[in-house]
Amino acid sequence: MGLDFKKARGIELLMALWKISDVWMESSAPGTCERNRITNELALAVNPSLVIVRVSTYGQYGKQEYLGRPGYDAIAQAYGGMMNLTGDPAGPPQRAKSYTGDYVTALTGWASTMMALWEVKKSGRGQVIDLAQYEAVAQTNGNTLPIFTGEGAVSGHTGNRPAGLPALRYVQMQRRLGLYRRARRRNLRSGAEISSGLTLSSTAMTSARRTRSRSTRRRGANSTVGCATIVLRIRHLRWKPR
């Protein structure tokens, strides 16, 4: 349904929708609704328990030269600082793919809307949310913002090696566990060794054979009993920061 806010009938229909709604969300450029006499105060006068969500790139308040500008995912990533952290250290800033800025804004809007509805349920007072895309993106920058404001240090690209986390070691561990699972399906016998460093304990295999033998005697010579106990020994991984 489309409403023409330049006509009185359009405003009347919008007010009728406010009365029966819990949430009103709009994403027009800041100042558009106000030029058509549509304000937060008017909406809350019509429905005092309404949750109002205003979505824009730069927010509803601030520097005038930014407020009226249109925006989209790439601009939000750049202005929010994400592109300054994304990419190879030797290369230029890169945009995170799959419209990350838009998705982060949507998730932030969902969370803030749910919190506002919870407040309305407790107090009965309507809430107004000013959701700026760049602020939603900026919250993903981790500790780079407080480090900049507190120490003046500017964080750059980290590539695929995030500082402080042995992420690649975790990937190696997953690969080794994948090798173990494949070896287990093949039912390797004692003494077999996987080249990546995974070994099967001969003691565990001996114990498993004894268990299988006892079970076979109890259930009959033709019974097949699976050996499910394999002890996995993983060589110690020592992470060295670079």
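If you read the sequence from its start, that first residue is 1, and numbering goes on from there. Note that the coordinates shown come from a computational prediction; the quantities given were computed from them, not determined experimentally. What you see below is based on every heavy atom in this structure, not just the backbone, and it leaves out hydrogens, waters and symmetry mates.
- Here the closest heavy-atom approach between residue Met25 and residue Thr113 is recorded as CE-OG1, 4.3 Å.
- At a threshold of 4.5 Å between side-chain heavy atoms, the hydrophobic network of Ile, Leu, Val, Met, Phe, Trp and Tyr places Trp24 and Phe5 in one connected group.
- Both Leu42 and Leu44 belong to a single network of hydrophobic side chains, linked directly or stepwise wherever heavy atoms of I, L, V, M, F, W or Y lie under 4.5 Å apart.
- Of the inter-residue distances, the one linking Leu145 atom CG with Phe148 atom CZ reads 9.0 Å to the nearest 0.5 angstrom.
- Between Arg35 and Thr32, some side-chain heavy-atom pair lies under the 4.5 Å cut-off.
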Worksheet item: So Gln77 and Thr100, side-chain hydrogen bond (donor to acceptor under 3.5 Å, both in side chains) or not? Walk me through it.
Response: CA-CA 8 Å; Gln77 289 192 38; Thr100 304; 4.6 Å; no

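- Within the 4.5 Å cutoff, the side chain of Ser155 has heavy atoms near those of the Leu85 side chain.
- Annotation: cation-pi geometry satisfied between Arg95 and Tyr99 (NZ/CZ under 6.0 angstrom from ring centroid, within 45° of ring axis).
- A continuous path of Ile, Leu, Val, Met, Phe, Trp and Tyr side chains, each step under 4.5 Å between heavy atoms, connects Met114 with Val120, placing both in one hydrophobic cluster.
- For the atom pair Gln139 CD and Asn141 CG, the distance stands at 9.5 Å (nearest 0.5 Å).
- Lys121 NZ: 12 or fewer foreign heavy atoms inside a 6.0 Å radius.
- Under the 4.5 Å side-chain contact rule for hydrophobic residues, Tyr103 and Tyr72 do not share a cluster.
- Nearest heavy-atom pair, Ile52 versus Ala43, reported as atom, atom and distance to 0.1 Å: CD1-CB, 3.7 Å.
- Glu34 and Arg54 are joined by a salt bridge, as a carboxylate oxygen and a charged side-chain nitrogen come within less than 4.0 angstrom of each other.
- Counted by atom type alone, Asp88 and Gln94 present zero donor-acceptor pairs between their side chains at under 3.5 Å.
- Heavy atoms only, all atoms of each residue included: Val51 and Ala116 are closest at CG1-CB, 3.7 Å.
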Discussion item. Set out, in order, the CA-CA distance, both residues' side-chain angles and the distance that settles side chain to side chain contact (heavy atoms under 4.5 Å, CB included) for Cys33 and Thr39, then state yes or no.
Written reply: CA-CA 7 Å; Cys33 289; Thr39 62; over 6 Å; no

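- Here CD of Glu12 is found 11.5 Å from CG of Leu3. Values are rounded to the nearest 0.5 Å.
- Taken together through direct or relayed side-chain contacts under 4.5 Å among Ile, Leu, Val, Met, Phe, Trp and Tyr, Leu50 and Met15 form part of one hydrophobic cluster.
- Nearest approach of Gly71 to Ile75, heavy atoms of both residues: CA-CD1, 4.1 Å.
- Rounding to the nearest 0.5 Å gives a distance of 8.0 Å between CD of Glu135 and CG of Leu131.
- Here Leu14 contributes atom CG and Asp4 contributes atom CG; the two are 12.0 Å apart, rounded to the nearest 0.5 Å.
- Side chain of Glu26 to main chain of Ser28: a donor-acceptor pair is present (N/O by atom type, distance under 3.5 Å, no hydrogens or angles).
- Inspection of the Ser56 and Gln133 side chains reveals no N or O donor paired with an N or O acceptor under 3.5 Å.
- Shown here is Arg37, whose CZ atom has no more than 12 heavy atoms of other residues, nucleotides or ligands within 6.0 Å.
- Contact annotation: the side chain of Asn84 approaches that of Val154 to within less than 4.5 Å [non-hydrogen atoms, C-beta and beyond].
- Taking all atoms of both residues into account, the shortest heavy-atom contact from Pro30 to Leu67 is CD-O, 3.1 Å.
- One N or O on the side chain of Asp73 and one on the backbone of Gly101 form a donor-acceptor pair closer than 3.5 Å.
- Minimum interatomic distance between Asn47 and Trp18 (heavy atoms only, all atoms of both residues): ND2-O, 2.8 Å.
- With rounding to the nearest 0.5 Å, the separation of CD in Gln60 from CD1 in Ile129 is 12.0 Å.
- Ring pair Tyr66/Tyr58 is tilted by interplanar angle, where 30° to 60° counts as tilted.
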